[in-house]
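Have a look at the structure below, then the notes.
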Amino acid sequence: MEEVFISGFDKFNGKEVAIKGWVTNRRESKTIVFLIVRDGTGFTQCVVAQEKTGDEIFSIARQLSLETAVVIEGVVNRDEKQIGGFELLVSRLAVLSQSENYPISNKPHGTDYLMDNRHLWLRSRRQWAIMRVRNQLIQAIHRYFQKNGFIQMDAPIFTGNACEGTSTLFGTDFFGQPAYLSQSGQLYGESMAFAHGKIYTFGPTFRAEKSKTRRHLSEFWMIEPEMAFYTLEDDMELIEDFMKNVVKDVLTQCASELKILERDTAYLENGVNKPFCRMTYSEAVKIIRGEKEVNGKNSINTLENDLKELQEKIRKVQEEIAERTNKTKQSGVKQGEISFHKSKIDALTGELHELEETAKNIPQWIESAKNFKEGGDFGGSDETVLTRLFDVPVMVFNWPHEVKAFYMKRDEKDSRYARGVDVLAPEGFGEIVGGGERETDLNLLIGKIRENELPMKEFEWYLDLRRYGSVPHSGFGLGLERFVAWICGLHHVRETIPFPRMYGRLFP
RNA sequence: UCCCCGGUAGCUCAAUGGUGGAGCGGCUGGCUGUUAACCAGUAGGUUGCAGGUUCGAGUCCUGCCCGGGGAGCCA
């Protein structure tokens, strides 16, 4: 008997095989039991018919509880209606390990509950699909850089100084001296690029801000390429080519996972096929404020329309809830129907809360957009306002130098600006890449370090890069989890990493 | 740190200041090639914690804890 994986069923149609896995769902009737079994590589329906297996195996199948580990033998049968396109007609079945009262059912759960059970939640279908997309994206990133002559060289995680001097860092004790968990490998990346030309780091990064938003984690993975002899323009070319390639890679390799996630891939395909939008910070500010139109669309009007549409949607959802509530109260309604309406109402209530939350925010976003002061950094809402007008990622470059890190190169044509670039993903996902050209002038750098009141001594090694063969160079940082969230169309980055570490969450 | 919302059965949610409910899940039985299966029965509660107002508090007030969303900060 050949032992196979569910992912390889297509090679065994009509043949008898064995699989090992876990029962994720069971539907039973008098003479037939349907099991949904997962083996890590996929999910499949196993059909246990009493007349085929005999009474003993059939009665075992009837009593299988969720997440019981099993070994099953049966014939692979093509059936397009089933998940994965196949099912297994069971001939024999044995329990490897019984599971009782599994905490996660096929019914809706709240996020807090699911996060408390993250170690088990990872088994469920959506989470399984997300992790496979994450894996594919990581592989695609490595493939891209390795193919294009980049060397992976990782930066240290313990650092003696607060790199950019801005973020709140996690403090720790390094054999008696204060040390911090790295918030960026940026400065180390530069020195490695001067040794190897083109490098990238790929590692964990830590931020201690008490941020509670859908875009923040305390511990996340960042990819930071750094290239010698690259200008800002070269950097932007690379970012776009890189993003197009890895997104395309994931779209083709993870089509079935994205289908499980019910991801509408239109914007992702745009990202692959259409050129990204590029604009200067000053242009972006005009657009955000509504002073400049994009393809006939004005930011403020667009938002106001969004709000109207949202309010209309809220009204409809409220109506539907009222309607369904009425139906459950009418006499002579069957239990099943009541139950059906109940679950619909619960889902709608959740949807309503989210819609109301957004509706509450939009007026604030409009205000903030109208009153945006030139010279400031974009907030999350400004990013949404701007990207709402585009169906491709937007690259904003030449930022006011005050809002960017001290190492960002000053624009030679206009010293108010620094040669930084942020890439904003469409569909409200916001900034997923931040990068730019680095300052090459030793004295300008020293001035910036003083201006930011950073400890000069700690940066001496970094300044050496300008003393010994300083050349133009650029790089960028990509937030892996934000990228995964965009590709999967997820509401929150916490689902993009196996065990998220965020404000208020250290377990499991 | 600040602003808004929430905390009721294992889970998801109801309950004009007046006897705490439903669905799911569990258990028992029944029915059907089922797709979050269905039907009947059954068990299940210190309403986040502490105090206050009231004849009476899940509901009102104060403080605290926890969670969600947003601001700030950022990828």
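Just so it is clear: chains get the letters A, B, ... in the order the sequence lines come, proteins before strands, and each one is counted from 1. Just so you know, these numbers come straight off a predicted model, no measurement behind them. The figures here come from the full heavy-atom set of this structure, side chains too, leaving out hydrogens, waters and symmetry mates.
Look at A:K212 and you'll find a side-chain N or O under 4.0 angstrom from OP1 or OP2 of B:G68. Distances shown here put every side-chain N or O of A:R214 at or beyond 4.0 Å from the OP1 or OP2 atom of B:A75. A close approach under 4.0 Å does not occur between any side-chain nitrogen or oxygen of A:R215 and OP1 or OP2 of B:C73. In this model, the phosphate group of B:A37 is approached by a side-chain N or O of A:R27 to a distance below 4.0 Å at OP1 or OP2. Contact annotation: A:K210 side-chain N/O to B:U1 OP1/OP2 distance is under 4.0 Å. Regarding contacts with the backbone of B:U34, every side-chain N or O of A:N25 stays at 4.0 angstrom or more from both OP1 and OP2. A close approach under 4.0 Å does not occur between any side-chain nitrogen or oxygen of A:H109 and OP1 or OP2 of B:G10.
Atom name C1', nucleotides B:C5 and B:C74: the rounded distance is 25 Å, in whole Å. On the C1' atoms, B:G51 is 27 Å away from B:G68, given to the nearest whole Å. Comparing B:C31 with B:A14, their P atoms are spaced 37 Å from each other, to the whole Å. B:G21 and B:U35: their P atoms are spaced 33 Å apart (whole Å). Using C1' as the reference atom, B:A57 and B:U16 are 14 Å apart when rounded to the nearest Å. As rounded to the nearest Å, B:G48 and B:C11 have P atoms that lie 13 Å from one another. Annotation: B:G45 and B:A9 have their P atoms spaced 11 Å apart (nearest Å). Across B:C61 and B:U53, the matching P atoms stand 15 Å from one another, rounded to whole Å.
Using a 4.0 Å heavy-atom distance criterion, A:L478 is classed as making no nucleic acid contact.
Each of A:D112 and A:V403 was matched to the nucleotide of RNA chain B holding its nearest heavy atom; the match closer to the 5' end belongs to A:D112.
The side chain of A:E87 sits closest to B:G33 out of B:U12, B:G69, B:G33.
Taking the charged nitrogens against the carboxylate oxygens, A:E67 and A:R38 do have a contact shorter than 4.0 Å, which makes a salt bridge. Note on A:E383 versus A:R482: no salt bridge recorded, every NZ/NE/NH1/NH2 to OD/OE distance being 4.0 Å or above. The pair A:E309-A:K313 does not meet the salt-bridge criterion, since no charged nitrogen lies less than 4.0 angstrom from a carboxylate oxygen. In summary, A:E219 and A:R505 do not engage in a salt bridge, as defined by a charged side-chain N under 4.0 Å from a carboxylate O.
By the stacking rule of 5.5 Å between ring centres and under 30° between planes, A:F34 does not stack on the base of B:G33.
Counting to the nearest Å, the P atom of B:A36 and the OH atom of A:Y102 are 18 Å from each other.
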